[in-house]
*Asks:* 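Mind having a look at this structure? Questions to follow.
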Amino acid sequence: MTDEFTTTVYTDSDAESAQLANKTVAVLGYGSQGHAHAQNLDDSGVDVVVGLRPSSRSREHAKDDGLRVATPADAAAEADIVVMLVPDTVQPSVYETVAPELDPGDTLQFAHGFNVHYGQIEPPEDVNVTMVAPKGPGHLVRRTYERGEGTPGLFAVYQDATGEASAQALAYAQAIGCTRAGVIETTFREETETDLFGEQAVLCGGVTDLVKAGYETLVDAGYSPEMAYFECLNELKLIVDLLYEGGHMEMWNSVSDTAEYGGLTRGEDVVDREAMEAILDGVQSGEFAREWISENQANRPAYKQYRHAEQNHEIEEVGDRLRELFAWGEESKEPAPADD
Ligand code: NAD
Ligand code: MG
């Protein structure tokens, strides 16, 4: 295995900060990623302008954080690097307004490949098209940077018009702190397809359905909702922390032999590999993307229904009640974004 493991991990010494000297970066959007990129770039001495609509409530936040703010089109007009950090579903319409401002040799940069990979944004041939994607939510990108650390990240080059697209993406990754932790290279296709597969089959979809199915199986068999909640949801955190820290063996070594034997012999029965392959097929063929794009065009009727059902699942009410009763609820909550 080790001789096949040839991935290069790029760190600070691989990045040339000179790539961003005399360049202006327009960060479009000031949400999770946008606020972190813009402030980290600014602290790294890069000239930043935040692009937001005149009606955006984020404008005040960006100004309070000491940043220049302009409309997306004006920000793009003065920038050499335009970074799309508005929600993926909004990017095509924001792109329409900034496209006329992309000069030959400029860079259009993303933090996720969806719109380029599925043809929702088709940049002109004379601009660089790159991706720099921290592997973590924005508040961690900001917080780790302030501590002198960084969040690991990915970079990719879809189109290299200047011959310097990679070097520039690495310099950007350095300026937001990612090369302090390590950055690996990927492609728009690989990042998009693995990201969608992961969130559907494993991380967001797979895990929540596993928890709900376990909970319902116990409750339907007459066990108490509280016990089912602790067993199937609350304890998941302990297991995930062990996996994250030291891999599967760290987890197996930390649980009882009984848990280990039971888990090793029974776990695979609950996973449907064919269903997983079908999910991957839907991602690769573009079927999922087409469904999600038309769902958005129709104002999200199915999305709203699924969300409603999820909100009204019994496990939510039981969880609210238990978190209220026990001490772990408040302290482990994400801090609300600072207003000052
Ligand atoms: P977000 O939803 O947190 O923030 C979006 C921001 O865009 C808003 O705060 C607002 O300032 C602006 N905005 C919203 N609607 C707009 C509109 N109609 N016109 C103009 N501006 C508008 O978004 P995010 O989660 O930071 O995602 C940005 C990009 O980063 C996406 O491509 C996403 O896939 C990618 N990404 C996100 C994460 C993450 O953890 N959140 C991680 C890696 C990559
Ligand atoms: Mg994702």
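These figures come from a predicted structure and were not determined experimentally.
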*Asks:* Measuring from atom CG of N253 to atom NE2 of H248, what distance do you get when rounded to the nearest 0.5 angstrom?
*Replies:* 12.5 Å
*Asks:* When you check the gap from the basic side-chain N to the acidic O, do K212 and E216 get nearer than 4.0 Å?
*Replies:* no
*Asks:* Flag the pair R300 / T89 as yes when at least one side-chain heavy-atom distance between them is below 4.5 Å, and no otherwise.
*Replies:* yes
*Asks:* Indicate yes or no: at least one non-hydrogen side-chain atom of N296 is less than 4.5 angstrom from one of Y303.
*Replies:* no
*Asks:* Indicate yes or no: does E146 engage R142 in a salt bridge with an N to O separation below 4.0 Å.
*Replies:* yes
*Asks:* Other residues, nucleotides and ligands only: do more than 12 of their heavy atoms fall within 6.0 Å of CZ on R266?
*Replies:* no
*Asks:* Ignoring hydrogens and angles, tell me if any N or O in the side chain of E199 forms a donor-acceptor pair with the backbone of G205 under 3.5 Å.
*Replies:* no
*Asks:* Decide yes or no for D88 and W292: does some side-chain heavy atom of the first lie under 4.5 Å from some side-chain heavy atom of the second?
*Replies:* no
*Asks:* May I ask you to decide if G34's main-chain N or O and H37's side chain share a donor-acceptor pair within less than 3.5 Å?
*Replies:* no
*Asks:* Report yes if the distance between the aromatic ring centroids of Y158 and F110 is under 6.0 Å, otherwise no.
*Replies:* no
*Asks:* Any heavy-atom pair between the side chains of D160 and N128 that's under 4.5 Å?
*Replies:* yes
*Asks:* Here's one to test your reading of the geometry: is the NZ or CZ of R180 within 45 degrees of the ring axis of Y145 and under 6.0 Å from its centre?
*Replies:* yes
*Asks:* Within the distance-only criterion (no hydrogens, no angle test), does the side chain of D14 pair as donor or acceptor with the backbone N or O of T11 below 3.5 angstrom?
*Replies:* yes
*Asks:* Have Q168 and T130 got a donor and an acceptor in their side chains that come within less than 3.5 Å?
*Replies:* no
*Asks:* Have H117 and E191 got a donor and an acceptor in their side chains that come within less than 3.5 Å?
*Replies:* no
*Asks:* Take the angle between the ring planes of F114 and H112 and call it parallel below 30°, perpendicular above 60°, tilted in between.
*Replies:* tilted
*Asks:* Any side-chain donor-acceptor pair under 3.5 Å between D65 and Y30?
*Replies:* yes
*Asks:* Quick one: sort the F230 and F326 rings into parallel, tilted or perpendicular, breaks at 30° and 60°.
*Replies:* perpendicular
